[in-house]
Amino acid sequence: MFGERERPLMPAQFALRVAILSGFALVIFSIIFFRLWYLQVLSGDKYLKQAKNNQVREVTVRAPRGEILDRQGQVLVDNRTALALQLDPTELPSSHRRRAEEFARLGRLIGMSPNEIAKQLHQQTKELPANPVTLERDVAYDLVFYLRENQAAYPGVNVERVHVRNYPDGSLGAQIFGYVREVTEQQLKEPRYQGLIPGDQVGQAGVENTYDNVLRGTNGLTRVQVDAEGQPTGGVLSQTEAEAGHNLLLSIDTPVQRAGEAALGSFSTPGAFVAMNVHNGEILGLGSSPTFDPTIFTKPVIPTATYEQLASETTGAPLTNRAIQGLYPTGSTFKPITAVAALESGLLTPSTTIYDGGVFTLGGIDFRNAGNASYGSLQLPEALQVSSDVFFYNVGATLDREGSGAQQKWASELGIGHPTGIDLPGEMAGLLPTPAWRNKLYKEAQDPDSPGGTSIVSGQDPTDRPWSGGDAVNLAVGQGDLQANPLQMAVAYAAIANGGDVVRPHVGLEVRDPRGGVVQEIDPAPQRHLDIDPQYRQAILEGIHMAAQSPGGTSYEVFGNFPVPMAGKTGTAERAPQADQSWYVALAPYPNPEIAVAATIEEGGFGADSAAPVTRQVLDAYYNTREQAAKSAGGKVPSRGAIQPPVTGAPAGNPD
Amino acid sequence: MVSDAYPRPFDERRQAGMERSGVLGLDPLLIVAALGLIAFSLFTLKAVTGGDIPHEPYYYVVRQAIYAVLGIALMLAVARVDYSRFRELRVGLYTAMMSGIILVLLLGEATRGSRRWIELPFFTFQPSELGKVLLITALAGFAIDRGRRVSERQQTARLLLMGFVPALIVFLQPDLGTALTYVVITLAILFVVGVRWTHFALLGALLTAAVAAVLMIAPAIGHPVLKDYQEERLTSFLNPSSDPRDATYQIDQSLIAIGSGGKVGRGANSTQTENGFVPDRTTDFIFSVVGERFGFVGAAFVLSLYALLIWRALRIMTLSKNLYGSLIAGGIAAMFMCQVLVNVGVTIGIMPVTGIPLPLMSFGGSSVVVTLMAVGLLQSIYVQARLTSKSRADLLR
């Protein structure tokens, strides 16, 4: 019966289905085969590399940052170790529910709500992805032990020993030191932060920032072989020790710094001071008020409210360093600069007599002395002593008429309107008004195509009119559009005092290795040298010496009894709508100064009212230190004998 | 003529010419494939677990060898039995399977956790593994009853229910991989028995809807069907950029292991599988070990043994003397295909992470013994087909 069929077949339906099933098998094996070919033959080297990296865990040993010392070598900023509670996002459970449960448990331990933890995680990983998220930087030991014992219940929660900045003197010098924060993703791309890894701390302000590369140190790296759980399996593959950063010795004289900050702090309005060596630009003290507590920045997260408080105008913006970032008219402290310009351009001699009748008229406008005083016939020293505005209005008008721009040229050469180049970040250039500057802005505003069209805002707006003689007259006495800060004034006065060297101010003095060896001395050359005739220098110094220490001088009440002969000039800057700003710049000792001190107090009234007393306290501290140093050395304070006895009952001078 | 006396008009010359038989009249190529895989499993286990248990380098090898010997004995025993007799036992077989997996589920409930095993004095027994073979033999038997008294559609629905209910129970154990195998076996038997294409189309649509419901709708309305880890595994496969430490971590590590094996393997330097980066390296991820240690050459060799195994199963399906044998062979072929595809697919990153043993390679008594029993069933079909054709040939002579 079977033989009858030549080609006996399976039923067609069955055959088709067997064929389809076989086709399935063929497809499955083809897919697997080609996938294996791709993985093993084509990508084998790539995966081999990954497999080799897989078993190596690199453990970074963070280097402690160098210390910051004052000029005597006393510690200003050092480190302490703290136990930081960190979340490793890659080790947290990926299930939302389990993650939320862990956050709830962890939150109960450390007193944070699960939402806060999630928020921190979100924020910090947004800034620094794939980086441990620090929740707390000072964790108690019992919590650490608890977490270690219950590690299994807290996957992704680690405790790491970290170095945290420590400030033994509280907020002292906060504006100079700046602060340290984790390096941002943006910074990691910059060449100066090359080689850093996320989580490294870098200086974000102050000398911490300027000298970051010397303070930072080099992280150590231990490469260990690990298994899948991250448990070390074998030995250490390689190890490089962490190298602590170098120490930075500042030129800061702590007593001077302390006195300056205390003096500023005694006023309710913001202010700033600078004390600087006139020969080499070493900053002995530099402060701005209000200041801040630098320990705020050692916390992993700064609440928005706190940060706003640090930066907001209403709280006086404590983060602003007014000594280098202030933009103020300087008032009469500018007069010596005007004097240099007039003398050097031959428009004035020390013996030129100008009559001060109490009023100076230009273009129909009367410019008067403060308090409507009149001082009669004056020569330069006397004009500085009593701070005659009329005298300098005349000088300013003469300089402007002469038309060579000598006023601006000399002010600019003395450093007004430029950054001084100090080794602190964020310095402002200020503004030295020139005819060209004002005329250009005015012309632009006149142009109907300008953004503001022809509508001109009147008043203080520099676009409201072209340059006029009144601008020159105002500039001569440090008013009008001029904007400068205490550091620029200290540098300008220092140049007059030292015979023409425009120093480059600096707070860094020495870089020392951790064992104390000097690695680098910081002694920048002056920015430039101006030839100031010694005769002229003498006349100006004599004038401001008399202003401080001769009866009738503007700050005689403050400095008349100062034990060291010195020179100093008051300033009262009009800053409508605010109350007048108080200024003082001092040089000591007279006649061969070694220190310049500039101080300003916003809304501080007359120069002699607030800025001069601040300066006095700084100079007191400066000479006190020297006296003690001299005593301990068995010597005598050099110029102490040359004290001018205070004159009683002397007539009060012009308050400015 | 009963329905399973399906006329199988095979070409006698082809049959006689092609199928050379070895000892005991068994299919020699099938023996080669099964023993080859067992041998390679022992070889691989020796290499990877040699240092796992102090002073007992052969701990895993010895146990796997014992399971294999037990399994081979069972295979030979089954091969000698005419499988057609199992058809009459289909109700008993089905009941045994259901009892086993329900027992496990109940024990699991009692211990409030996942449970797939029953503790026996010598080893732990996994009823859902044995259930695969029981399901195949029982379901094939029920499938042949088709056409009697009930409509074709009713018959299809009945068979689906009979396959999917145990699949659901196994899924609840929870054992997603084995449940999937049950589903594949059921579909394969329906397919081979000749269920209409329209039924399959409808079934496909229903399954798609069910998967969508389980993965998307159920969690959305607050009644998740999948356990947390199951959903994580499935969805992480669809979304490989998620957390590298969890579900995709396993796939990544397995990929690195297999990829780093390159053409000829890393031998004793197989750090991925040696240092525990790859999980479950003796069971679900044993193919990663093969890939890393023996490279493309080794992986291709193992795959070719599976190809041989599955080819023989498909071949025996066509040789069978009756439809019952074809259905059993088809079910077994589908079971092997499913397990190889899913297990290997997971290790090479083309399938979601699903725990499923690689037949004869993965360490584990239940799987090895049951797989060899399935091979025994194939051998029985082969032997019976030969005997039939021989007797027919004798008749003719």
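When reading the values below, keep in mind they use all heavy atoms of this one structure, side chains included, and skip hydrogens, waters and symmetry mates. Chain naming here is simple, since letters A, B, ... match the order of the sequence lines and numbering starts at 1 in each. Since the structure is predicted, the reported quantities are computational estimates derived from the model, not experimental observations.
Residue pairs meeting the side chain to side chain donor-acceptor pair (under 3.5 Å) criterion with at least one member in residues 285-299 of chain B, sequence neighbours excluded: B:Ser254-B:Ser288, B:Arg266-B:Glu292, B:Thr273-B:Glu292, B:Glu274-B:Arg293.
Both the backbone and the side chain of A:Phe33 come within contact range of chain B, with heavy atoms under 4.5 Å apart. When heavy atoms are compared at a cutoff of 4.5 Å, A:Ile31 approaches chain B solely by way of its side chain, counted from C-beta outward. Looking at A:Leu26, there are no atoms closer than 4.5 Å to chain B (heavy atoms on both sides), in backbone or side chain.
B:Leu314 contributes atom CG, which lies 5.5 Å from atom CG of A:Leu21 (distance to the nearest 0.5 angstrom). Taking CG of B:Leu341 as the start and CD1 of A:Ile28 as the end, the distance is 4.5 Å to the nearest 0.5 Å. One distance of note links CD of A:Gln50 with CG of B:Leu255; it measures 9.0 Å at 0.5 Å rounding. A distance of 10.5 Å separates OH of B:Tyr306 from CD1 of A:Ile32, quoted to the nearest 0.5 Å. Note: A:Tyr47 OH to B:Asp252 CG = 8.0 Å, rounded to the nearest 0.5 Å.
Chain B forms the most heavy-atom pairs under 4.5 Å with one residue out of A:Leu36, A:Asp45, A:Val41, and that residue is A:Leu36. Chosen from B:Ala299, B:Gly295, B:Gly261, B:Gly345, the residue pairing most often with chain A at heavy-atom distances under 4.5 Å is B:Gly295.
Scanning all heavy atoms of the two residues, the minimum distance from A:Ala25 to B:Ile310 falls at CB-CG2, 4.1 Å. Considering every non-hydrogen atom in both A:Val18 and B:Met317, the closest pair reads CG2-CE, 3.3 Å. Closest approach of A:Arg17 and B:Leu190 over heavy atoms only: NH1-O, 4.0 Å. The shortest non-hydrogen separation linking A:Phe14 to B:Val192 is CE1-CG1, 3.7 Å.
Taking a 6.0 Å sphere around CZ of A:Phe103, one finds it holds more than 12 heavy atoms contributed by other residues, nucleotides or ligands.
For A:Tyr38, the ring pair (Phe, Tyr, Trp, His ring centres under 6.0 Å) test picks out no residue, with sequence neighbours left out.
Side-chain N or O atoms of A:Gln40 include one that pairs as donor or acceptor with a backbone N or O of B:Phe296 at under 3.5 Å. Remark: the backbone N or O of B:Ile350 is not paired with any side-chain donor or acceptor of A:Arg35 at under 3.5 angstrom.
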